[in-house]
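When a residue number appears, it is its place in the shown sequence, counting from 1. Order of listing sets the numbers, starting from 1, for every ligand and every atom in it.
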Amino acid sequence: MTQIRKIIHVDMDAFYAAIEQRDDPSLQGKAVIVGGDPNSRGVVATCSYEAREFGVHSAMSASKARKRCPHGIFVKPRFDVYKSVSNLIRDVFHEHSDLVEPLSLDEAFLDVTENKRGIPTATAVAKTIKNEIRRKTGLTASAGVSFNKFLAKVASDMDKPDGLTVVPPWKAGEFVDSLPVEKFFGVGQVTARKMRMFGIRTGADLKRLDRLQLIELFGKTGNYFYEISQGIDRRPVRPERVRKSIGKEITLDRDVDDFGEIHAVLVDLSEQLEDALIRHDAKGRTLTLKVKYFDFQQITRSVTLPALVERRAEILHHALVLLKKTDATRKKIRLLGVTLSNLDLPSDADYYQPEFDF
Ligand code: DCP
Ligand code: MG
């Protein structure tokens, strides 16, 4: 069975404004508006939560922001500082997973189905990340934890600032049902108006329509709305660095030369590799078997196949063929590894593309 993924979305609170307040104590507790000289035609990049109470928000014209919040303190952005803080939080993410997909300077998805420190739950990973961010930057972040990107992203926004919202599989239905459609990030004003016309206000309303009805109403995005309303989002977390290979290896408890035992290890490895391929949504053409003998001598045997490989049975089959080209069963083995390279990774275009930024 495919493993359920554990996804975290982390988003810093009032990012630019929080940094300005951190670095200038006289701004703490005040309505701080970053970007946009109110005397010219600039726009607001972001503002502190104190300013949000007056209706100021990102992308608003600076002059409007000043009208809404006359006591607001306008601050010029310092992008180099934001960038260096962004690097610090990315370092924190990478301490927990290699599967980190930054969306902007202040937010990222992490796939922590396997996390580097072996922390038992995704919720505990998220708490640790929030603490480490606070310790290293003096800033707060909000996190959402769930089993797909959509739910994690919406969850991170539920309890800002300094929030942590977890949507486990058994709560997803209820969570999506109660969600106003505006929270289905990407439902812009035009779509929202159209939805209202059809009486669609929440996830539950959306769920009453089937896939075809939604496609008829919203085109390609209808498909996305359908899946989201069912709590389904298959998009993998896609790290920036393009992966060249995906592999798994096991060091044995003791050196073995028994075929039955070696076979059992390869079964295990094939399964682990299949899980990893599913997580990365990857297939590959070249399979490599790595064998380390008891004397630490290490060899690899590879085969490049005419078709893409993705399933555990195929992986196991080819690994066993490669095993015959080694001295396994004649010489004791201490480590076995299976790696797939020559990968076929999906491009963004392979996912139905909602009409908005994700
Ligand atoms: N930003 C910008 N222009 C926008 C939106 C955002 O320059 N239209 C910048 C300023 C933000 C940063 O990107 O600080 C992160 O954007 P967010 O949407 O995450 O907003 P904040 O982090 O400021 O606030 P929140 O606590 O709502 O996440
Ligand atoms: Mg933010």
Side-chain angles (χ1 to χ4, degrees), residues 7-24 27-38 40-66 68-69 72-90 92-93 100-110 126 129-134 136-146 149-165 179-180 182-189 354 356-358:
I7 311 292
I8 300 177
H9 178 258
V10 182
D11 187 323
M12 301 295 290
D13 302 318
F15 189 50
Y16 296 0
I19 292 175
E20 296 308 328
Q21 288 181 318
R22 177 194 71 176
D23 293 351
D24 180 353
L27 297 176
Q28 282 165 19
K30 304 249 171 77
V32 175
I33 299 168
V34 181
D37 179 344
S40 73
R41 296 187 306 154
V43 294
V44 173
T46 193
C47 61
S48 64
Y49 279 75
E50 292 84 352
R52 293 184 196 194
E53 282 175 27
F54 295 84
V56 181
H57 56 75
S58 292
M60 173 181 277
S61 76
S63 51
K64 189 165 182 182
R66 176 135 91 171
R68 289 197 175 178
C69 183
I73 304 166
F74 282 82
V75 180
K76 279 209 187 90
R78 295 179 298 150
F79 295 108
D80 50 334
V81 181
Y82 310 150
K83 177 74 187 141
S84 69
V85 175
S86 179
N87 288 338
L88 286 177
I89 67 171
R90 283 195 195 165
V92 171
F93 300 153
V100 176
E101 179 179 342
L103 296 181
S104 68
L105 284 186
D106 90 320
E107 63 179 305
F109 285 113
L110 286 83
I129 288 174
K130 275 166 54 84
N131 286 337
E132 285 171 0
I133 287 178
R134 190 195 285 267
K136 290 192 175 151
T137 70
L139 302 167
T140 61
S142 296
V145 181
S146 193
K149 281 176 154 185
F150 166 68
L151 292 169
K153 168 115 177 161
V154 176
S156 74
D157 204 35
M158 296 301 285
D159 194 23
K160 263 182 171 291
D162 202 15
L164 173 61
T165 304
L179 216 56
E182 289 76 15
K183 292 267 180 190
F184 286 46
F185 48 87
V187 176
Q189 293 192 355
F356 41 80
D357 280 350
F358 177 42

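- Side-chain contact between Met60 and Val43: absent, with no pair of heavy atoms (C-beta onward) separated by less than 4.5 Å.
- Remark: side-chain polar atoms of Lys136 are not paired, donor with acceptor, to backbone N or O of Val92 under 3.5 angstrom.
- Counting non-hydrogen atoms of neighbouring residues, nucleotides and ligands closer than 6.0 angstrom, the NZ atom of Lys64 reaches no more than 12 such neighbours.
- Set against the non-hydrogen atoms of Ser58, the atoms of ligand 1 under 4.0 Å away are 4 (C), 5 (C), 8 (N).
- Here the side chain of Ser48 pairs a donor or acceptor atom with the backbone of Val32 at under 3.5 angstrom.
- The nearest N, O or S atom of Asp11 is closer to the Mg ion (ligand 2) than 2.8 Å.
- Atoms of ligand 1 lying under 4.0 Å from at least one heavy atom of Thr46, given by number and element, are 10 (C), 11 (C), 14 (O), 21 (P), 23 (O).
- Between Lys153 and Asp11 there is no salt bridge, since no side-chain N of the basic residue sits under 4.0 Å from a carboxylate O of the acidic one.
- Between the choices Asp157, Leu105, Asp106, Thr140, the shortest heavy-atom distance to atom 19 (O) of ligand 1 belongs to Asp106.
- With hydrogens left out, the protein atom closest to atom 14 (O) of ligand 1 is Tyr16 N, 3.0 Å, a heavy atom.
- When distances to the Mg ion (ligand 2) are checked against a cut-off of 2.8 Å, Asp106 contributes an N, O or S atom below that limit.
- Of the protein's heavy atoms, Ala45 O, 3.6 Å lies nearest to atom 6 (C) of ligand 1.
- Where the criterion is an N or O separation shorter than 3.5 Å, residue side chain and backbone included, Ala14 meets it with respect to ligand 1.
- Contacts between Glu107 and ligand 1 below 4.0 angstrom, taking non-hydrogen atoms only, are absent altogether.
- Here is the list of ligand 1 atoms found below 4.0 Å of a heavy atom in Asp13: 26 (O).
- By the 6.0 Å and 45° rule, Arg52 stacks over the aromatic ring of Tyr49.
- Set against the non-hydrogen atoms of Phe15, the atoms of ligand 1 under 4.0 Å away are 14 (O), 21 (P), 22 (O), 23 (O).
- The backbone N or O of Tyr82 lies less than 3.5 Å from no partner atom in the side chain of Ser86, so there is not a single donor-acceptor pair.
- Remark: side-chain polar atoms of Ser58 are paired, donor with acceptor, to backbone N or O of Ala45 under 3.5 angstrom.
- For the pair Val145 and Leu164, the tightest heavy-atom approach, listed with the atom from each and the gap, is CG2-CD1, 4.0 Å.
- If you number the atoms of ligand 1 from 1 as listed, the ones under 4.0 Å from a heavy atom of Tyr49 come out as 25 (P), 26 (O), 27 (O).
- The side chain of Arg52, and not its backbone, has at least one atom closer than 4.0 Å to an atom of ligand 1 (non-hydrogen atoms only; side chain from C-beta on).
- Inclusion of Thr46 in the first shell of the Mg ion (ligand 2) is not supported: no N, O or S atom falls under 2.8 Å.
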